[in-house]
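Counting starts at 1 for both ligands and their atoms, following the listed order.
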Amino acid sequence: MQLAQQHPQVWGTQGIHPHDADNYDDAVEAHIRANAPHEKIVAIGEIGLDYHYDFSDRAKQRAAFERQLQIAADLNLPIVVHTRDADADTQAILRDFVAHLPKRGVIHSFTSGQALAEYCLSEGFSLGFNGISTFKQAENVRDIIALTPVDKILFETDSPYLTPMPYRGRKNEPKYLPFVVEQVASTKNIDLDTLLPQVWQNSMELFFAA
Ligand SMILES: [Zn+2]
């Protein structure tokens with residue numbers, strides 16, 4: 001919030017990451033509800049489920065996800081979803097709320113399976129791709145990129161993590177984003193002059209549409 005208020009080119013989200021779901025309580029929820037209605041806050045997120053690391057209890061992760069989906073519904077904000085190794089529960093919970101989320105949102109750093117991808121796309125969500133798309137072993141992610149319509153693709157850094165090839169291992173920065181863009185263009189066999197303005201428009205419509 002502080003960075004967003006200080007810098008005109010920075011916007012933020014409000015939410016509790018699944019890693020921290022054990023700490024979600026009424027006071028935290030009140031804080032999010034009080035701070036999210038702000039001109040520099042464009043979404044509720046990252047919210048979701050992470051059964052890969054299991055840093056928080058899974059039942060608490062599900063409860064925090066559901067309660068924050070209700071916040072997004074009440075405030076009419078899009079969502080930024082973090083989901084890892086939790087495809088079935090993510091889909092089941094989204095299914096309960098999707099009718100109340102007219103602005104939908106993005107499944108960020110998408111590494112889930114094809115079934116969840118197809119469900120989210122069918123409901124109008126976007127999928128976010130980052131440096132993982134350039135990793136040699138990430139054929140599964142490139143398969144998802146191939147099936148994602150270009151008007152549902154978003155680019156992200158996940159900085160400081162997930163630096164794309166050939167700089168994997170260094171601290172990530174936005175300056176490395178072109179490697180992600182080039183990978184997606186090549187995977188989809190689409191030229192940059194088509195891809196770049198479309199993805200720009202996708203992000204503007206998701207986060208800045210009235
Ligand atoms: Zn995440």
Under 3.5 Å, is there a donor-acceptor pair between the H19 and Q61 side chains? no
Shortest-distance N, O or S atom of H82 relative to the Zn ion (ligand 1): ND1
Whether the Q91 and D87 side chains hold a donor-acceptor pair (N or O, under 3.5 Å, no angle test) is what I'd like checked. no
Identify, by name, the N, O or S atom of E46 lying closest to the Zn ion (ligand 1). OE1
Tell me whether the rings of Y167 and F179 are parallel (<30°), tilted (30 to 60°) or perpendicular (>60°). perpendicular
Quick check: are there more than 12 heavy atoms from other residues, nucleotides or ligands sitting under 6.0 Å from CG of N189? no
Taking 2.8 Å as the cut-off, does H17 contribute an N, O or S atom near the Zn ion (ligand 1), distance below it? no
